[in-house]
Amino acid sequence: MNEMSDSLLTADEPAPVTVHNENGPSPFLIVADHAGNSMPRALHRLGLSGTECGRHIAWDIGIAAVCRLVADALSATLVQQNYSRLVIDCNRTPGAETSVPEISELTPIPGNMGLSEGQKAARVREIFRPYHDRIEIELDRRRQAGRPTVLIAMHSFTPVFKGVARPWHAGVLYNRDPRFAHILMALLKREKGLVVGDNEPYSVTDASDYTIPVHGEQRGLHHVAIEVRQDLIAEDAGQRAWGAVLARLLPQAYRELVAAEALRPSDRRAVPTTWPSRQEHLRLYVLP
């Protein structure tokens, strides 16, 4: 299975990245690292069944629709990645053990075993890099125009992981800079009936994440990662409900943050303003 050429995608296959509302005026830039579960034909579904490719191990179920609804409601730009995270995880630093996983949760991934460096590089070159390059282009464009930007990284999580049920309806994730995350989390917790995780079921770290550390922290942007439980957004009704909640609360959180910083400008100095460069990130968390 792994005796394939280093070329991966053909011209008639889906593009690795889709941009929606490219010229949206909103300060929010929404990104979805695991929005799709497409598989390059050359990989023969990585040796998995169609059922396995539809499971949560392959993508963030429901999140693409929620992102589109939020983007439309807020006139925000959405950048989403269309290939399965089993091909390459676009929220992992290339070369990390979990970048091209040989096992996901409890499921072996035959098509990821015994890969050559050239085969791995093709996945970086043709899927990972175009997605993150497109995010960089959008952020550079905004910076040059002097536009404020808030980076919103959207994900969904499975209700049960390795046999353990997860009680949270949503999680708010952050690392060094919790300012926007804490405000949004407080607003979500005021919503009736919601159980909201504080850096649960995951947290953002340099070793386990790429999008927030590289595009959010390194640029000094306000940012947050949001996780929504998949059973709540697997169908249209839930997607619309969560889209409406986030479209209502994200602008409110941003207004509160801007107001707080206007009153206490010294708060800006309370958060570190330098982080590892992309090259340093690679050296620290991937290379031996």
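Since we're looking at a predicted model, the values are computed, not measured.
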**Message:** Could you check whether any side-chain heavy atom of Leu246 comes within less than 4.5 Å of a side-chain heavy atom of Ile226, counting everything from C-beta outward?
**Reply:** yes

**Backbone of Leu9 reached by a side-chain donor or acceptor of Glu126 within 3.5 Å** = yes

**Message:** With no hydrogens and no angle check, just 3.5 Å: does a side-chain donor-acceptor pair link Thr18 and Asn82?
**Reply:** yes

**salt_bridge(Asp89, Arg123) N-O dist < 4.0 Å** = no

**Message:** Please check: side-chain N/O of Arg125 versus main-chain N/O of Pro130, any donor-acceptor pairing under 3.5 Å?
**Reply:** no

**Request:** Look at Arg179 together with Glu261 and state whether they make a salt bridge at an N to O cut-off of under 4.0 Å.
**Result:** yes

**Asked** Do the charged groups of Arg129 and Glu136 touch, with an N to O distance under 4.0 Å?
**Response** yes

**Message:** Quiz question: by atom type and distance under 3.5 Å, do the side chains of Glu191 and His169 form a donor-acceptor pair?
**Reply:** no

**Complete:** Distance col, row Gln230:CD vs Phe157:CZ, nearest 0.5 angstrom, shows 8.5 Å

**Prompt:** About how many Å separate OG of Ser156 and CD of Gln239, when rounded to the nearest 0.5 Å?
**Reply:** 10.0 Å

**Message:** With a 3.5 Å distance limit and no angle check, can you tell me whether Glu102 reaches the backbone of Ile109 through a side-chain donor-acceptor pair?
**Reply:** no

**Asked** Is it true that a side-chain atom of Arg229 and a backbone atom of Thr158 form a donor plus acceptor pair closer than 3.5 Å?
**Response** no

**Message:** Tell me if a side-chain donor or acceptor on Thr93 pairs with a main-chain N or O of Ala96 at a distance below 3.5 Å.
**Reply:** no

**Salt bridge Asp198-Lys189, side-chain N to carboxylate O under 4.0 Å** = no

**Interatomic distance, Asp177 atom CG to Ile212 atom CD1 [nearest 0.5 angstrom]** = 10.0 Å

**Asked** If you look only at pairs with a residue in residues 7-33, which of them pass as a ring-ring contact (aromatic ring centres under 6.0 Å, His included), with sequence neighbours excluded?
**Response** Phe28-Tyr254

**Request:** Show the numbers, then the answer: is there a side-chain hydrogen bond (donor to acceptor under 3.5 Å, both in side chains) between His132 and Gln81?
**Result:** CA-CA 9 Å; His132 286 287; Gln81 201 284 121; over 6 Å; no

**Ser208 versus Thr205, side-chain donor and acceptor atoms under 3.5 Å** = yes

**Message:** Pairing donors with acceptors under 3.5 angstrom, does anything connect the side chains of Glu13 and Thr10?
**Reply:** yes

**Prompt:** Between Glu105 (side chain) and Ile57 (backbone), is there a donor-acceptor pair under 3.5 Å?
**Reply:** no

**Side chains of Tyr210 and Asp33, donor plus acceptor under 3.5 Å** = no

**Asked** Got a second to check how far Tyr174's OH is from Ser203's OG, nearest 0.5 Å?
**Response** 9.0 Å

**Message:** Using only atom types and a distance under 3.5 Å, with no angle test, would you say the side chain of Arg248 pairs donor to acceptor with the backbone of Gly243?
**Reply:** no

**Prompt:** Hey, are Asp236 and Arg240 close enough for a salt bridge, meaning a charged N less than 4.0 Å from a carboxylate O?
**Reply:** yes

**Asked** Of the options Asp60, Asn37, Thr98, Val100, which is the one that meets Arg85 in a side chain to side chain contact (heavy atoms under 4.5 Å, CB included)?
**Response** Asp60

**Message:** Quick one, His215 with His223, criterion side-chain hydrogen bond (donor to acceptor under 3.5 Å, both in side chains). Give me CA distance, side-chain angles, the key distance, then yes/no.
**Reply:** CA-CA 9 Å; His215 298 303; His223 57 266; over 6 Å; no

